[in-house]
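We number each residue from 1, following the sequence as shown. Keep in mind that what you see is a predicted model, and the values were worked out from it rather than measured.
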Amino acid sequence: LKILNNKPKYVPPINFALVEDGIYRSGHPQPINFPFLSNLKLKTIIYLGDKEDNYDYYKWIKQQGIHFHYLKMETSVAPLIFNDPEVIKAALNLIINIENYPILIHSNKGKHRIGVLVGVMRKLLQGWCLSGTFDEYDKFSGGKGEGDLEFIEMFETPLQIDDSKKPGFVR
């Protein structure tokens, strides 16, 4: 931890942002991000991605006592690889339980995979219109991802929401 002017230096992960109260999104955290993330008092981390070699990160998660959910998801950019509806549903089931909060949801760069998850969350859990959902997706993805937008638009799944554990933002 570097100290500048007698103050600790906190560095958020790439593409870090607040999604809703108690839900944060980002790209894959690096060791320089650990002091920043420690201040969030995370209870759960959901990783949608395909990296398995970030041992410092996994060690830090264990030291912090954070519940870690690695939901393996290939990038949908490659030919003939599409978003996995079962992975998105598994992540949504974690998000609809307030007992898992605060939550960090992240992918490798915090753009497409997390953009899809947040887009589906906005649509299904909050009733956002597609234009607002797509606008938010574009802000993080740089406008690439027509297949992702189509996935968000078409994705539907039944969710069993326990009212006693439902986050306040869920409609």
Side-chain angles (χ1 to χ4, degrees), residues 1-2 4 7-49 51 54 57-58 60-61 63-71 73 75 83 87-145 148-149 151-153 155 159 161-163 165-171:
L1 182 63
K2 294 181 182 177
L4 297 176
K7 294 181 182 175
K9 180 181 177 187
Y10 295 107
V11 180
I14 187 172
N15 283 321
F16 179 84
L18 177 69
V19 177
E20 284 296 331
D21 189 29
I23 302 177
Y24 307 95
R25 66 177 286 165
S26 76
H28 205 297
Q30 302 300 316
I32 194 171
N33 310 130
F34 298 166
F36 174 85
L37 293 174
S38 292
N39 280 333
L40 300 179
K41 308 268 188 266
L42 297 170
K43 204 173 195 181
T44 305
I45 293 177
I46 303 169
Y47 170 44
L48 305 181
K51 278 178 73 166
N54 197 341
Y57 178 53
Y58 302 134
W60 175 81
I61 290 169
Q63 290 169 343
Q64 299 293 308
I66 297 170
H67 298 287
F68 182 67
H69 300 271
Y70 171 36
L71 303 176
M73 188 171 173
T75 180
N83 289 299
V87 168
I88 298 298
K89 183 177 179 180
L92 288 172
N93 278 315
L94 292 165
I95 288 169
I96 60 174
N97 183 347
I98 196 77
E99 292 178 355
N100 293 322
Y101 286 44
I103 295 175
L104 173 66
I105 54 176
H106 77 84
S107 55
N108 294 345
K109 294 183 181 153
K111 294 180 179 184
H112 302 283
R113 287 174 268 212
I114 291 306
V116 167
L117 175 58
V118 171
V120 167
M121 182 189 104
R122 299 290 195 205
K123 180 183 121 178
L124 294 183
L125 301 181
Q126 296 180 281
W128 278 32
C129 67
L130 287 175
S131 62
T133 301
F134 292 172
D135 184 52
E136 183 180 36
Y137 175 92
D138 286 343
K139 285 178 184 173
F140 288 91
S141 71
K144 300 174 185 171
D148 288 344
L149 299 180
F151 180 87
I152 293 167
E153 183 176 4
F155 185 82
L159 295 170
I161 300 176
D162 180 340
D163 284 337
K165 297 177 182 177
K166 180 173 80 171
F169 67 85
V170 175
R171 293 176 112 204

Assess, by modelled atom type and distance only, whether the side chains of [X] and [Y] contain a donor and an acceptor separated by less than 3.5 Å.
X	Y	answer
Tyr47	Asn108	yes
His28	Asn54	yes
Tyr137	His112	yes

- Task: Might you work through the side-chain contact (heavy atoms from CB on, under 4.5 Å) test for Leu18 and Ile23, ending with a clear yes or no?
- Result: CA-CA 6 Å; Leu18 177 69; Ile23 302 177; over 6 Å; no
Would you give the length of the straight line joining atom [atom1] of [X] to atom [atom2] of [Y], rounded to the nearest 0.5 angstrom?
X	Y	atom1	atom2	answer
Met121	Arg25	CE	CZ	9.5 Å
Ile161	Ile96	CD1	CD1	4.5 Å
Tyr10	Leu40	OH	CG	11.0 Å
Asp135	Leu130	CG	CG	12.5 Å
Ile114	Ser26	CD1	OG	7.5 Å
Glu20	Phe169	CD	CZ	5.5 Å

Has [X] got more than 12 heavy atoms of other residues, nucleotides or ligands less than 6.0 Å from its [atom1]?
X	atom1	result
Lys139	NZ	no
Asp21	CG	no
Lys123	NZ	yes

Can you tell if the side chain of [X] reaches within under 4.5 Å of the side chain of [Y], non-hydrogen atoms only?
X	Y	answer
Tyr101	Thr44	no
Phe151	Val116	yes
Gln126	Val170	no
Ile46	Ile95	yes
Leu42	Ile103	no
Val19	Arg122	yes
Leu159	Lys89	yes
Tyr24	Pro102	yes

Specify the closest pair of heavy atoms between [X] and [Y], including all atoms of both residues, with the distance to one decimal.
X	Y	answer
Gln64	Ser38	OE1-OG, 3.6 Å
Tyr70	Gly49	CE1-O, 3.4 Å
Ala91	Leu48	CB-CD2, 4.5 Å
Phe36	Pro13	CD2-CD, 4.0 Å

- Query: Run the side-chain contact (heavy atoms from CB on, under 4.5 Å) check on Asn97 and Asp162 step by step: do they pass?
  - Reply: CA-CA 8 Å; Asn97 183 347; Asp162 180 340; over 6 Å; no
- Before giving the answer on side-chain contact (heavy atoms from CB on, under 4.5 Å), spell out for Asn100 and Lys165 the whole-Å C-alpha distance, their side-chain angles and the decisive distance to 0.1 Å. CA-CA 9 Å; Asn100 293 322; Lys165 297 177 182 177; over 6 Å; no
- Message: Working note: His69 + Leu94, criterion side-chain contact (heavy atoms from CB on, under 4.5 Å); need CA distance, chi angles, decisive distance, verdict.
- Response: CA-CA 9 Å; His69 300 271; Leu94 292 165; 3.6 Å; yes
- Item | Geometric class of the Tyr57/His106 ring pair [parallel <30°, tilted 30-60°, perpendicular >60°] |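 If you compare the ring of His106 with that of Tyr57, the planes turn out perpendicular.
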- Message: Checking the side chain of Lys43 only, and the main-chain atoms of Glu99 only, is there a donor and an acceptor separated by less than 3.5 Å?
- Response: yes
